[in-house]
Trainee: 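Below is the structure I would like to discuss, written out as structure tokens.
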There are 2 protein chains.
Amino acid sequence: MSFPASAPSHTTCTGAMRSVRDSLDLLGGKWKLPIIVGLSGGPQRFKQLQREVAGITAKMLSKELKDLEINGLISRHVQADAAPVAVTYTLAAYGRTLFPVIEALHAWGQQHRAHIMHAGEAVAA
Amino acid sequence: MSFPASAPSHTTCTGAMRSVRDSLDLLGGKWKLPIIVGLSGGPQRFKQLQREVAGITAKMLSKELKDLEINGLISRHVQADAAPVAVTYTLAAYGRTLFPVIEALHAWGQQHRAHIMHAGEAVAA
DNA sequence: GATAGCGGTTTCCCAAAGGATACCGGTATG
DNA sequence: CATACCGGTATCCTTTGGGAAACCGCTATC
């Protein structure tokens, strides 16, 4: 259940690391998580999403969405019936299993920001 | 406490993303987490650690250790008394606050691996 | 007919990440 | 004297990540 709390001994820790690195490979980079969070509020169309993920270029968004779809985290729907061909991206159920991970990163990042500020105060004071 | 479960609305999600990206900036890259896990079992000396983190070069290990130390996640101790100058690296208390994050990444990565295998089975069967 | 939006792709380019190798001064060991 | 271990550093190189801008066909709108 937990990664070894003590005595890594090469083999044990190497094993635990594999899965950690797997996660990081899928979620690493600048845009994967922002996109997932951007979709967490409901389906979005390409340009909508690009506006929401502030700063991302069309090229990056396109590429990252492909990656995420390949890994089953999101799904792409094309409505050819509509006149200018609407495309919507939806966070898949499997993508939602990432929420605890995002939560953990979010919580730590927030606490870390507070930690930094606190250290800064002592200096600034 | 939790990142917005619905209706991101730009501002909300942008705020939540900042801390997530902060975490990723500190922990991202190929080696940071492996090193932390490597130290989770107790203090290690440089070469010991390099052997444990399988595959890392001295240059990378040295650089990453500096980064981690600057961020207060680990601490470096030099024992000049010993003849060939021993250096030990220890996971700081603050570094241990990362355990929940690592746990989350570990758990998801492990589940993901199972997920992939499962999908593979259907094909392989 | 011009302009704007959609959903992208293509090309070019730069900076950062990271690997390989050699080397450093020190000691101990054969 | 040669070799190996320690804790690194310096140099060079390739790979990757990612940004900028132009462009695509199509539609709707002024």
Side-chain angles (χ1 to χ4, degrees), chain A residues 10 17 20-39 42-71 74-91, chain B residues 17-18 20-39 42-71 74-91:
Chain A
H10 312 279
M17 275 318 306
V20 175
R21 303 270 298 95
D22 283 355
S23 302
L24 236 45
D25 285 350
L26 281 192
L27 305 178
K30 197 172 178 181
W31 299 115
K32 298 272 167 54
L33 287 178
I35 291 172
I36 290 173
V37 173
L39 287 176
Q44 296 273 83
R45 298 179 50 172
F46 189 88
K47 290 276 175 169
Q48 272 179 323
L49 192 51
Q50 183 175 5
R51 270 178 240 116
E52 177 134 13
V53 179
I56 196 170
T57 62
K59 172 190 154 189
M60 272 300 122
L61 182 56
S62 169
K63 185 204 144 207
E64 301 287 73
L65 285 171
K66 274 174 199 160
D67 286 2
L68 292 172
E69 197 194 358
I70 285 173
N71 288 301
I74 67 171
S75 54
R76 192 181 114 114
H77 310 274
V78 184
Q79 293 134 256
D81 53 327
V85 186
V87 181
T88 52
Y89 294 89
T90 310
L91 188 57
Chain B
M17 275 319 305
R18 240 206 336 256
V20 175
R21 304 271 297 94
D22 284 353
S23 301
L24 237 44
D25 285 350
L26 281 193
L27 307 178
K30 199 171 177 181
W31 299 115
K32 298 271 166 54
L33 288 178
I35 291 172
I36 290 173
V37 172
L39 287 176
Q44 296 272 83
R45 298 180 51 174
F46 190 88
K47 290 276 175 170
Q48 271 179 325
L49 192 51
Q50 183 175 5
R51 271 178 239 116
E52 178 135 11
V53 179
I56 197 171
T57 61
K59 172 188 155 191
M60 273 300 122
L61 182 55
S62 169
K63 185 205 144 205
E64 301 288 73
L65 285 171
K66 274 174 198 160
D67 286 1
L68 293 171
E69 196 193 0
I70 285 173
N71 287 301
I74 66 171
S75 54
R76 192 181 114 114
H77 310 272
V78 184
Q79 292 135 254
D81 54 325
V85 186
V87 180
T88 51
Y89 294 89
T90 310
L91 188 56

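Just so it is clear, the values below take in all heavy atoms, side chains as well, and ignore hydrogens, waters and symmetry mates. Predicted model, so just to flag it, every value in this text is computed and none were measured.
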Trainee: Using chain B heavy atoms and a threshold of under 4.0 Å, write down where along DNA chain C the contacts begin and end, 5' to 3'.
Mentor: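 Taking any atom under 4.0 Å from a heavy atom of chain B, the span is C:dG18 to C:dA28.
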Trainee: Just one of B:Gln44, B:Lys47, B:Arg76, B:Gln79 clears the side chain to side chain contact (heavy atoms under 4.5 Å, CB included) bar with B:Val87, so which one?
Mentor: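 Of the listed residues B:Gln44, B:Lys47, B:Arg76, B:Gln79, the side chain to side chain contact (heavy atoms under 4.5 Å, CB included) partner of B:Val87 is B:Arg76.
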Trainee: Please report the distance, rounded to the nearest Å, between CE in B:Met60 and P in D:dT16.
Mentor: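 Spelled out: CE on B:Met60 to P on D:dT16 is 15 Å.
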Trainee: Nearest-Å distance, CD1 (A:Ile35) to P (D:dG17)?
Mentor: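 Rounded to the whole Å, the gap is 14 Å.
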Trainee: Where is the tightest heavy-atom contact between A:Gln50 and A:Ile56, given as atom of each residue plus distance?
Mentor: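 So the minimum-distance heavy-atom pair works out to NE2-O, 3.3 Å.
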Trainee: Once you round it to whole Å, what is the distance between C1' of D:dT16 and CG of A:Asp25?
Mentor: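 Answer to the nearest Å: 13 Å.
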Trainee: Could you check how far NZ of A:Lys66 sits from P of D:dG18, rounded to whole Å?
Mentor: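 Atom NZ in A:Lys66 sits about 16 Å away from atom P in D:dG18.
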Trainee: Should B:Lys66 and B:Lys63 count as side-chain neighbours, where that means a heavy-atom distance under 4.5 Å?
Mentor: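 In short, these two side chains do not touch, never coming nearer than 4.5 Å.
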Trainee: Do any side-chain atoms of residues 23-35 of chain A form donor-acceptor pairs under 3.5 angstrom with protein atoms, and if so which ones, sequence neighbours left out?
Mentor:
residue: A:Ser23; atom: OG; partner: A:Ser19; partner atom: O; Å: 3.2
residue: A:Ser23; atom: OG; partner: B:Leu105; partner atom: O; Å: 2.7
residue: A:Ser23; atom: OG; partner: B:Gly109; partner atom: N; Å: 3.1
residue: A:Asp25; atom: OD1; partner: A:Arg21; partner atom: NH1; Å: 3.4

Trainee: When you match B:Ala58 and B:Lys63 each to their closest nucleotide on DNA chain C, which lands nearer the 5' end?
Mentor: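 So the residue in question is B:Lys63.
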Trainee: Nearest-Å distance, NZ (B:Lys59) to P (D:dT11)?
Mentor: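 Atom NZ in B:Lys59 sits about 12 Å away from atom P in D:dT11.
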Trainee: Find the distance A:Lys47:NZ to D:dT27:P and express it as a whole number of Å.
Mentor: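 After rounding, the reported distance stands at 17 Å.
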Trainee: Quick one: are B:Val20 and A:Val37 in side-chain contact, heavy atoms under 4.5 Å?
Mentor: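 No; the side chains remain at least 4.5 Å from each other.
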Trainee: State, yes or no, whether a side-chain contact exists between B:Glu69 and B:Leu65 at a heavy-atom distance under 4.5 Å.
Mentor: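 Counting from C-beta outward, B:Glu69 and B:Leu65 never come under 4.5 Å.
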Trainee: In whole Å, I'd like the distance from the CG atom of A:Leu61 to the P atom of D:dG17.
Mentor: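 Distance, rounded to whole Å: 17 Å.
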